[in-house]
Number of protein chains: 2
Amino acid sequence: MDDRPELPLAQLHAFAVLAEELHFGRAAVRLGIAQPPLSQQIRRLEEKVGYPLFTREPGRVALTPAGEELLPAARQALALIAKGVAAAREAGSGRAGRLRIGFAASLALTVLPDLLRRFRADFPAVRLDIREMTSAPQLSALRAGMIDIGLLREPPTGDADLCFRTVLTEPFVAVVPAGHPLAGQRTVRIEQLAELPFVLLPREVGPPLYDQITALCADAGFTPRVVQNAVEWQTVCALVGTGLGVSLAPASVRRIRLGGVAFRGIDPGAAARVRTRVAVAWRRDDANPVVSNLLAILGQGPESGT
Amino acid sequence: MDDRPELPLAQLHAFAVLAEELHFGRAAVRLGIAQPPLSQQIRRLEEKVGYPLFTREPGRVALTPAGEELLPAARQALALIAKGVAAAREAGSGRAGRLRIGFAASLALTVLPDLLRRFRADFPAVRLDIREMTSAPQLSALRAGMIDIGLLREPPTGDADLCFRTVLTEPFVAVVPAGHPLAGQRTVRIEQLAELPFVLLPREVGPPLYDQITALCADAGFTPRVVQNAVEWQTVCALVGTGLGVSLAPASVRRIRLGGVAFRGIDPGAAARVRTRVAVAWRRDDANPVVSNLLAILGQGPESGT
DNA sequence: GTCGTCCATACCTCCAGAGATATCACGTAG
DNA sequence: CTACGTGATATCTCTGGAGGTATGGACGAC
């Protein structure tokens with residue numbers, strides 16, 4: 001069984017104030033109580049400590065050596081607790097604390113910067129830990145409590161522990177070497193990619209997105225011949241730029257500025273209307289108010305004018 | 001009016017223990033109470049903070065961000081107060097604290113070392129500030145609260161604010177140059193000093209002692225012709241050693257080992273029975289228990305065998 | 001399903017202590 | 001001397017909260 005401190009904090013506060021004023025009357029006024037209760041508080045405290053803390057010679061109140069020893073401890077403890085409670089309230093309200101965000105690399109150029117900027121504007125005291133992760137690891141990191149927020153593509157549906165909300169949807173674009181004949185067209189039909197070598201993300205990085213891309217090809221009557229994998233879209237585009245092959249990618253890869261690679265819209269038709277979804281993910285039972293605050297900001301929709 | 005903290009320290013303790021155990025049952029056992037009261041304590045604390053501090057998912061208790069912020073503050077504050085109270089008790093009992101001692105230089109060779117050694121043996125945690133001061137300044141320093149204990153010669157009587165207790169008495173000795181004819185005698189009669197130049201302390205350093213010495217001379221039928229003042233007995237003896245003159249000094253100056261100076265007892269008679277008193281002085285109203293402890297040690301009398 | 005674990009809730013007792021007012025005791029200043 | 005300032009004491013009220021027991025509800029293990 002632990003030792004139990006039996007000093008009410010209120011008494012220590014009275015003690016600290018009296019130690020400053022060295023005058024029962026004035027100290028009582030500062031405390032907002034009458035003088036006799038203050039005398040009692042101090043007496044009780046002295047009883048608990050076991051030794052007098054003040055000398056009361058008529059006319060002058062002074063600290064005893066024992067009081068001298070207790071005073072700095074009392075002051076520091078009071079300050080610590082006041083600060084601790086304030087910090088806890090900040091954290092409790094979501095105005096402060098920590099938020100660990102995992103994001104897919106391709107989003108570093110689109111939704112992420114805007115989101116971070118707006119969140120930081122509203123909650124400057126929240127420490128943001130952002131780390132780049134592909135989609136599948138985000139889901140397990142969320143479940144393990146390693147991150148609080150995930151930003152990923154093509155969220156799975158019907159997850160028991162996790163919630164998702166779509167942040168934006170975007171169509172696919174064809175990624176072709178700049179020198180390739182297809183780069184000369186304004187738009188590309190998916191069938192035109194049928195015979196070409198493909199550069200794609202490995203399926204494990206994000207199965208739903210991979211499946212969506214292969215489904216696009218299947219609808220066009222072929223199975224893409226993947227000659228090269230890369231775990232980031234930046235790399236995929238760079239490889240396409242070397243002429244290694246072509247790819248199908250979410251439209252936001254257009255933001256990647258690389259020489260030797262061209263992005264072309266998909267030709268009108270069913271395929272052009274297929275869009276990939278970017279979603280935010282969080283634990284369904286996460287009570288962290290910082291998470292709610294971030295979701296609220298996302299809920300306001302993208303800032304107008306940007 | 002000051003802000004008044006309204007967190008009982010006991011609740012913070014319960015919080016800290018629960019934060020370690022993360023289990024209401026075990027934490028309650030450690031606190032020595034039943035589980036429901038602990039739940040209530042935590043609930044009350046959460047109400048006062050305004051936000052939940054723990055998440056209670058069935059099977060697992062965990063800290064919320066707010067609890068995470070509060071915990072270190074609570075821990076530190078509890079430790080601080082425990083230490084502060086312990087220190088106050090040490091100081092209150094006189095086992096720790098500070099003691100400022102003023103002492104006459106001539107006592108540095110006699111009562112002071114023994115006293116300090118014995119006091120430190122019993123109260124090793126007390127910080128001793130010792131400073132050399134002549135008698136008169138000791139009295140004002142005591143009254144002003146600059147020192148707590150004085151060690152001086154020939155204390156005044158009937159002081160309203162200060163108390164004195166005689167620590168030892170000692171006879172006077174004649175201090176003569178080693179080469180002087182008087183140094184050849186086993187004892188000296190005071191009359192034999194009548195025509196010789198004197199080296200003495202200035203009267204201001206300790207009027208009663210000075211008056212006592214001149215009274216000795218007056219009883220022997222002469223007024224000493226003082227040719228040189230020195231504020232410390234060490235210096236007086238050194239000057240006597242140079243042949244400048246002779247002196248009458250408390251016997252403990254024999255401890256001063258200097259070449260060229262001889263100490264000789266006073267010849268039997270009334271003068272040989274005159275003794276100077278060394279006393280300890282303290283404020284009558286001083287409640288500092290460290291002072292009482294030192295006086296108690298002095299009260300035991302000098303250690304036998306030394 | 002049943003049991004066991006674990007925390008919350010409800011309800012009760014009880015008292016320490018916070019607060020107030022009135023008064024006393026003691027010094028000091030006029 | 002009286003008046004005032006200051007702190008301690010006496011006495012009362014009242015309530016917050018600490019503690020208990022009994023029980024409920026949710027979940028997990030088997």
Side-chain angles (χ1 to χ4, degrees), chain A residues 1-64 67 160-161 283-285 287, chain B residues 1-49 51-64 67 160-161 284-285 287:
Chain A
M1 174 181 355
D2 284 23
D3 298 337
R4 292 233 264 166
E6 212 27 72
L7 305 187
L9 219 44
Q11 281 178 16
L12 287 175
H13 184 234
F15 165 69
V17 170
L18 179 57
E20 279 175 23
E21 295 289 342
L22 292 179
H23 187 290
F24 278 74
R26 283 195 297 276
V29 170
R30 260 183 64 181
L31 291 166
I33 62 176
Q35 169 260 318
L38 176 58
S39 286
Q40 291 179 18
Q41 296 267 39
I42 299 300
R43 188 169 48 72
R44 270 192 277 272
L45 187 59
E46 287 174 330
E47 277 167 12
K48 280 173 195 147
V49 172
Y51 299 93
L53 299 170
F54 293 96
T55 59
R56 291 92 149 162
E57 298 158 28
R60 71 189 52 189
V61 174
L63 281 169
T64 61
D161 304 328
R283 278 185 298 282
R284 187 183 303 279
D285 64 358
Chain B
M1 171 175 9
D2 284 23
D3 298 336
R4 291 232 267 167
E6 215 27 73
L7 306 187
L9 219 43
Q11 281 178 15
L12 286 175
H13 183 233
F15 165 69
V17 171
L18 179 57
E20 279 174 23
E21 296 289 342
L22 293 179
H23 186 287
F24 279 74
R26 283 194 298 275
V29 169
R30 261 182 62 180
L31 291 167
I33 61 176
Q35 169 261 317
L38 176 59
S39 287
Q40 291 179 19
Q41 296 267 39
I42 300 300
R43 189 169 45 75
R44 269 192 278 271
L45 188 59
E46 287 174 329
E47 277 167 11
K48 281 174 194 145
V49 172
Y51 299 95
L53 300 171
F54 292 95
T55 60
R56 292 91 151 163
E57 299 158 26
R60 72 188 52 189
V61 175
L63 281 169
T64 62
D161 304 329
R284 188 182 303 279
D285 64 357

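First the proteins, then the strands, lettered A, B, ... as listed; each starts at 1. These values consider heavy atoms only, across backbone and side chains, with no hydrogens, waters or symmetry-generated copies.
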task: Starting from the first five and the last five pairs of the helix from dG1(C)-dC30(D) to dG30(C)-dC1(D), work out the angle between the resulting helix axes, to 10 degrees.
output: 30°

Any residue meeting side chain to side chain contact (heavy atoms under 4.5 Å, CB included) with Q40(B), in chain and number order, not counting sequence neighbours: R43(B), R44(B)

Interatomic distance, L9(A) CG vs dG17(C) C1' [rounded to whole Å]: 16 Å

task: Ignoring backbone atoms, establish whether S39(A) has a side-chain N or O less than 4.0 Å from OP1 or OP2 of dA8(D).
output: yes

- request: May I have the distance from R56(A) (atom CZ) to dG5(D) (atom C1'), rounded to whole angstrom?
  value: 17 Å

statement: Rounded to the nearest 0.5 Å, the CD1 atom of I33(B) sits from the CG atom of L38(B) at a distance of 5.0 Å

message: Run the side chain to side chain contact (heavy atoms under 4.5 Å, CB included) test against A19(A) and tell me which residues pass, sequence neighbours left out.
response: F54(A), L63(A), L71(A)

- request: Quick one: pull up CG in L9(B) and CG in L12(A) and give me the separation to the nearest 0.5 Å.
  value: 7.0 Å

message: Tell me the interatomic distance from L38(A), atom CG, to dT9(D), atom C1', rounded to whole angstroms.
response: 15 Å

field: Euclidean distance, E46(B) CD relative to F15(B) CZ, rounded to 0.5 Å
entry: 9.0 Å

Test item: E21(B) and V61(B) side chains (from C-beta on) under 4.5 Å apart, heavy atoms: no

- prompt: Which residues satisfy the side chain to side chain contact (heavy atoms under 4.5 Å, CB included) test with A34(B), sequence neighbours excluded?
  reply: P36(B), P37(B)

Under 4.0 angstrom between R43(B) side-chain N/O and dA8(C) OP1 or OP2: no

- prompt: Roughly, in whole Å, what's the span from CD in E21(A) to C1' in dT6(D)?
  reply: 15 Å

task: Figure out the CG/P separation between L7(A) and dG17(C), and round it to whole Å.
output: 11 Å

- prompt: For F54(B) and dA8(C), what is the distance between atoms CZ and C1' respectively, to the nearest whole Å?
  reply: 15 Å

task: Name all pairs fulfilling the salt bridge (Lys or Arg N to Asp or Glu O under 4.0 Å) condition that reach into residues 32-41 of chain A, sequence neighbours left out, sorted by first residue then second.
output: none

Distance in angstrom units between I42(B) CD1 and dC6(C) P, rounded: 17 Å

- prompt: Atom OG1 of T64(B) and atom CZ of R56(B): how far apart are they, to the nearest 0.5 Å?
  reply: 9.0 Å

message: Please confirm whether the shortest side-chain N or O distance from H23(B) to OP1 or OP2 of dT5(C) is below 4.0 Å.
response: no

- request: List the protein contact pattern of nucleotides 16-23 of chain D with one symbol per nucleotide (5' to 3'): B for base contact, S for sugar-phosphate-only contact, - for none; contact means a heavy-atom distance under 4.0 Å.
  value: -SBBBBB-

- line: H13(A) NE2 to dA18(C) P, in whole Å, measures 14 Å

